[in-house]
Amino acid sequence: LEQVRNDLHPIDIWLLSLYSKLVEECTEEMNRFRFDRSVRDTVYFMWHRLADHYLEIVKNRIYAGNDRALLFTLYRVGLGIIKLLAPFLVHVTEELFHDIYKDGEGDKSIHISLWPKPILKDDVGEKKGNLVVEITSAIRAYKSESKMPLNTALGEVMISISDRAAITDSIGDMLSPMVADGVKFVDRGDMEEMVVGVKPDFSKIGPHFKGDARFIFQAVKEIDPLVAWEKANGGGFYVNVPGKGDVEIPMDFLLFERA
């Protein structure tokens, strides 16, 4: 650890600290014969900490190669996970150990190797990592809700956060999962609200358009919220109704969601 300590990124420290807590918790659960909890916690960590967040954030570093801190983190955490699962997935973990770790570890079998130990614990590092995960997850959720492919390139992402210094060292890592050109810190009051959703006002459209309301509902469901906003504030928002042609939808018949 000391050889790479100064090279670790905040997100590496985040994962290593959470992993170290996992090892302590699983050790306690195993000693109390609560095997189901140990497996549950390990699998949760593997999917929702390592896979969902860490690997998404460090993808560019993986492709770039020659990153000692990244290799150390992946190696130690990966080895620790299969050791925590070894009592339950006997053959699978043995195969993984022989394929990936045996030469480096020197043990003939994972089942006679030492039980994993915590690597480091850093509460401040966890808080910084949590902010990075929260921000990148919010961007991915925004793209998903807006029906945008996750690899859609963004320009400059505006972030309002009280402790800017907490994520300054992580901006480079954040740009990859966000697929953004840069980050700009702004005060909350300076942020412009964006239209992120649009819904039909059923209480108005139904009584007004009656049998044709279903065409309006479908059109609003399919249209991009920003396009609907621009049309409603520009030349008018029109929907083609069979037998009646283009029918204008008053702006107050639409409910826009802003964020």
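For the single chain, residues carry numbers from 1 onward in sequence order.
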For residues [X] and [Y], determine if any side-chain heavy atom of one lies less than 4.5 Å from a side-chain heavy atom of the other.
X	Y	answer
R68	L71	no
Q3	F72	no
L16	L8	yes
K128	I13	no

*Are R32 and E28 close enough, and set up right, to give a salt bridge (Lys or Arg N to Asp or Glu O under 4.0 Å), and what steps lead you there?*
CA-CA 6 Å; R32 291 178 177 272; E28 176 67 17; 2.4 Å; yes

Quick check against the 3.5 Å criterion: does [X] have a side-chain atom that pairs as donor or acceptor with the backbone of [Y]?
X	Y	result
S17	W14	no
S20	I119	yes
T27	V23	yes

Honestly curious: do [X] and [Y] fall in one hydrophobic cluster under the side-chain, below-4.5 Å linking rule?
X	Y	value
L255	V227	no
M178	M148	yes
V179	I159	no

At their closest point, which heavy atom of [X] faces which heavy atom of [Y], and how far apart are they?
X	Y	value
V198	P225	CG1-CA, 3.9 Å
D67	L70	OD1-N, 3.0 Å
P207	K204	CD-O, 3.5 Å
A69	V4	CA-CB, 4.4 Å

*Between R5 and L120, does a side chain to side chain contact (heavy atoms under 4.5 Å, CB included) hold up when you go through it step by step?*
CA-CA 10 Å; R5 186 66 173 86; L120 68 82; 4.3 Å; yes

Euclidean distance, [Y] [atom2] relative to [X] [atom1], rounded to 0.5 Å:
X	Y	atom1	atom2	answer
H53	E56	NE2	CD	9.5 Å
S113	L79	OG	CG	7.0 Å
L74	I62	CG	CD1	5.5 Å

*For atom NZ of K143, is the number of surrounding heavy atoms from other residues, nucleotides or ligands below 6.0 Å larger than 12?*
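For K143, atom NZ is crowded (more than 12 foreign heavy atoms under 6.0 Å).
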
_Tell me whether the count of non-hydrogen atoms from other residues, nucleotides or ligands lying under 6.0 Å of CG in D99 goes above 12._
yes

*Please step through side chain to side chain contact (heavy atoms under 4.5 Å, CB included) for the pair F35 and M30, ending with a clear verdict.*
CA-CA 6 Å; F35 307 129; M30 293 290 285; 3.6 Å; yes

*Is there any salt bridge (Lys or Arg N to Asp or Glu O under 4.0 Å) pair reaching into residues 9-20, and which pairs are they, with sequence neighbours excluded?*
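Every pair satisfying salt bridge (Lys or Arg N to Asp or Glu O under 4.0 Å) with a residue in residues 9-20: D12-R61.
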
*How far apart are the C-alpha atoms of T73 and H9, what are their side-chain angles, what is the distance that settles it, and do they pass the side chain to side chain contact (heavy atoms under 4.5 Å, CB included) test?*
CA-CA 10 Å; T73 303; H9 292 218; over 6 Å; no

Using a 3.5 Å cut-off and no angle test, enumerate the donor-acceptor pairs between side-chain atoms of residues 83-94 and protein atoms at least two apart in sequence or in another chain.
from : atom 1 : to   : atom 2 : distance (Å)
K83  : NZ     : L114 : O      : 2.9
T93  : OG1    : L89  : O      : 2.6
T93  : OG1    : V90  : O      : 3.3
E94  : OE1    : S109 : OG     : 3.0
E94  : OE1    : I110 : N      : 3.1
E94  : OE2    : H98  : NE2    : 3.1
E94  : OE2    : S109 : OG     : 3.0

*asked:* Name the residue from Y238, F215, F209 that meets the side chain to side chain contact (heavy atoms under 4.5 Å, CB included) definition with V247.
replied: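 It is F209; the other options fail the test.
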
*How would you list, by chain and number, every residue that makes a salt bridge (Lys or Arg N to Asp or Glu O under 4.0 Å) with E105, sequence neighbours excluded?*
R76

*Give every residue pair that meets the side chain to side chain donor-acceptor pair (under 3.5 Å) criterion with at least one member in residues 175-184, sequence neighbours excluded.*
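Only N60-S176 qualify under side chain to side chain donor-acceptor pair (under 3.5 Å).
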
*side chain to side chain donor-acceptor pair (under 3.5 Å): which pairs involve residues 148-158, sequence neighbours left out?*
none

Give the table of side-chain donor-acceptor pairs shorter than 3.5 Å for residues 36-52, with sequence neighbours excluded, one pair per line with atom names and distance.
from : atom 1 : to  : atom 2 : distance (Å)
T42  : OG1    : S38 : O      : 2.8
H48  : ND1    : D52 : OD2    : 3.1

*Can you list the steps and then say if Y54 with V77 is a side chain to side chain contact (heavy atoms under 4.5 Å, CB included)?*
CA-CA 11 Å; Y54 183 75; V77 172; over 6 Å; no

